[in-house]
Amino acid sequence: MTLRPTFARDAFLAPLVAAGYRPVEPAILQPADVFLDLSGEELGKRLYLTTDTEGRDLCLRPELTIPVCLDHVAGGDPARPASYCYFGPVFRHRAGASGEFVQAGVESIGRTDTAICDAEVFALALDCARRHGLARPRIRIGDTGLFRAVLDALGLPAAWRRKLARDFGRIDLVAADIASLEAVRGSPASSYAGILAALGGADRKAARALVEDLLAIGGHTTVGGRTVGEIADRFLEQADLKDGARVPAERLQVLQAFLALRTDAAAAPAALSDLLKALGTPVEAALALFAARTTALAAAGVDLASATFDPAFGRRLDYYSGFVFEMHDADRPDQLQVVGGGRYDGMLQFLGAPAPVPAVGFSVWVERLPGAAP
């Protein structure tokens with residue numbers, strides 16, 4: 001891709017540097033296992049893989065957030081405040097497009113003023129996009145942390161909370177999960193319902209040992225090619241999911257109403273408060289953070305009425321933990337994402353930090369900006 005002169009690295013980064021972000025250039029080759037563990041199968045199958053002389057799996061960096069954070073952790077106290085910006089090539093297999101393209105963005109690490117930091121990073125992303133030609137951004141925001149708080153407050157069985165959290169960001173999968181949960185609630189008791197009920201919520205290790213013992217007493221070592229241990233795990237999974245039969249219908253209705261909510265960001269705090277007030281204390285902290293962020297966004301000059309709040313919108317990447325956002329070009333027919341970002345407080349701990357570290361950032365698909373050359 002050929003970039004116009006205004007998209008030269010230094011010129012692009014100048015406003016970000018002026019805002020206090022230090023330019024960094026992580027290594028092109030990165031440890032592959034980190035991306036496979038954090039980013040999941042969807043990104044994993046697009047990696048350009050190789051090995052070093054010691055047989056370790058490496059990849060060309062497919063994005064820049066993880067490399068920036070790896071370097072931050074390696075550079076000293078992971079909790080230290082730091083602000084980084086970047087502009088450089090990343091590499092992914094892409095059908096019908098070059099596997100090398102330019103990504104730019106920022107990462108703000110270590111700041112504890114969560115709502116204000118979220119708002120400042122979002123405002124900087126919006127300014128960056130507009131500075132490079134995105135005159136009519138279509139903006140969507142969400143909050144992964146609020147979704148998790150709602151799941152916890154509803155008192156859903158652990159297996160269903162894990163399943164819904166894993167599928168969050170894919171409305172089709174979440175809808176299928178809720179339909180399955182409704183089906184479990186209405187299904188007749190099975191012939192082994194008593195055993196499932198007894199095992200549901202039990203200590204996992206002890207329950208697995210019990211099921212293995214029962215199978216062994218029956219003389220089973222394998223069934224259908226599966227080992228006793230594999231059968232026990234499947235049986236316990238069914239026990240956990242059958243535990244959903246005890247979920248009251250009104251809890252499912254609250255979850256469905258929450259996920260169906262669509263409103264502009266200015267009206268979202270009041271709408272959420274009305275919808276979730278019955279859940280009480282368990283969601284108060286998440287709602288308070290959401291309201292504080294909305295206030296901070298308005299103070300940063302963001303037109304909240306122009307952004308859509310979508311509770312079902314989230315990142316499938318496991319490390320996102322709170323505020324998420326994306327921007328599209330309303331004038332572009334393909335409607336591909338131009339800017340995406342959010343909060344990922346849990347990622348640095350996965351990368352070696354001794355505890356979670358506050359972090360938020362955004363990335364720009366430079367080739368999709370209106371000012372990029374075709």
Side-chain angles (χ1 to χ4, degrees), residues 21-22 24 26-27 29-44 47 56-59 61-86 90 103 105-122 142-152 158-159 161-169 204 282-283 285-286 288-290 292-293 314-325 340-363:
Y21 290 80
R22 177 168 65 87
V24 290
L29 280 176
Q30 295 285 328
D33 59 333
V34 174
F35 293 93
L36 293 170
D37 290 341
L38 276 174
S39 302
E41 181 180 352
E42 185 173 342
L43 181 59
L47 297 179
R56 291 174 297 195
D57 291 328
L58 302 175
C59 67
R61 63 189 189 198
E63 52 93 41
L64 278 156
T65 296
I66 291 176
V68 168
C69 290
L70 279 169
D71 288 351
H72 176 83
V73 171
D77 177 12
R80 71 190 187 280
S83 300
Y84 305 107
C85 61
Y86 51 82
V90 295
Q103 186 180 85
V106 309
E107 311 299 340
S108 176
I109 299 172
R111 285 180 56 176
T112 57
D113 53 343
T114 301
I116 294 174
C117 188
D118 284 351
E120 289 181 1
V121 166
F122 177 86
D143 192 329
T144 304
L146 182 58
F147 175 75
R148 291 184 183 275
V150 169
L151 288 187
D152 291 341
R161 290 200 304 273
R162 290 193 300 269
K163 189 172 179 60
L164 286 162
R166 183 180 65 244
D167 293 340
F168 183 57
R204 188 79 180 181
V283 297
L289 176 58
F290 188 93
R293 183 192 305 121
R315 302 283 178 205
R316 296 190 69 195
L317 302 179
D318 293 340
Y319 52 80
Y320 280 91
S321 58
F323 180 50
V324 290
F325 60 88
R343 176 160 291 278
Y344 50 92
D345 291 352
M347 187 174 72
L348 274 79
Q349 185 176 25
F350 181 89
L351 298 178
V357 177
V360 62
F362 70 83
S363 295

TODO: Output yes when a side-chain donor or acceptor of R80 lies under 3.5 Å from a complementary backbone atom of H72, and no otherwise.
DONE: yes
TODO: Over all heavy atoms of both residues, which pair between A165 and L151 is shortest? Give the atoms and the distance, please.
DONE: N-CD1, 4.1 Å
Open item on the list: What's the separation between atom OG1 in T65 and atom CD in Q103, rounded to the nearest 0.5 Å?
Closed with: 6.0 Å
TODO: Would you confirm whether T144, through its side chain, and G314, through its main-chain N or O, come within 3.5 Å as a donor-acceptor pair?
DONE: no
TODO: Output all residues satisfying ring pair (Phe, Tyr, Trp, His ring centres under 6.0 Å) with Y21, sequence neighbours left out; order by chain, then residue number.
DONE: none
Task: Result of checking V324, D143, T114 against R343 for side-chain contact (heavy atoms from CB on, under 4.5 Å) - done: T114
- [ ] Identify the heavy atoms of G346 and S321 that sit nearest to each other, and give their distance.
- [x] N-OG, 4.3 Å
- [ ] State the CG-CZ distance between D152 and F147, to the nearest 0.5 angstrom.
- [x] 10.0 Å
Task: Distance (rounded to the nearest 0.5 Å) between F35 CZ and D57 CG - done: 13.0 Å
TODO: Check for a donor-acceptor pair, side chain of Q30 on one end and backbone N or O of P67 on the other, with a separation under 3.5 Å.
DONE: no
Task: Atom of V121, atom of S108 and distance for their closest heavy-atom approach - done: CG2-CB, 4.1 Å
Open item on the list: Treating R293 as the side-chain partner and D118 as the backbone partner, does any N or O pair qualify as donor plus acceptor under 3.5 Å?
Closed with: no
- [ ] Specify whether F362 and F325 have parallel, tilted or perpendicular ring planes, treating 30° as the upper limit for parallel and 60° as the lower limit for perpendicular.
- [x] tilted
TODO: With the side chain counted from C-beta on, respond yes when L47 and L36 share a heavy-atom pair under 4.5 Å apart, and no when they do not.
DONE: yes
Open item on the list: Looking at every heavy atom in both V68 and P26, which two are closest together, and how far apart are they?
Closed with: CG2-CG, 3.8 Å
Open item on the list: Testing the basics here: between P358 and D345, what is the closest heavy-atom pair and its distance to 0.1 Å?
Closed with: CA-OD1, 3.2 Å
Task: Distance, nearest 0.5 Å, that separates CZ of F350 from SG of C69 - done: 12.5 Å
Open item on the list: Exactly one of V73, L38, I109 should register a side-chain contact (heavy atoms from CB on, under 4.5 Å) with M347. Which one does?
Closed with: L38
TODO: Give the minimum heavy-atom separation between Y86 and S363, together with the two atoms involved.
DONE: OH-OG, 2.8 Å
TODO: State the CG-CD distance between L348 and E107, to the nearest 0.5 angstrom.
DONE: 9.5 Å
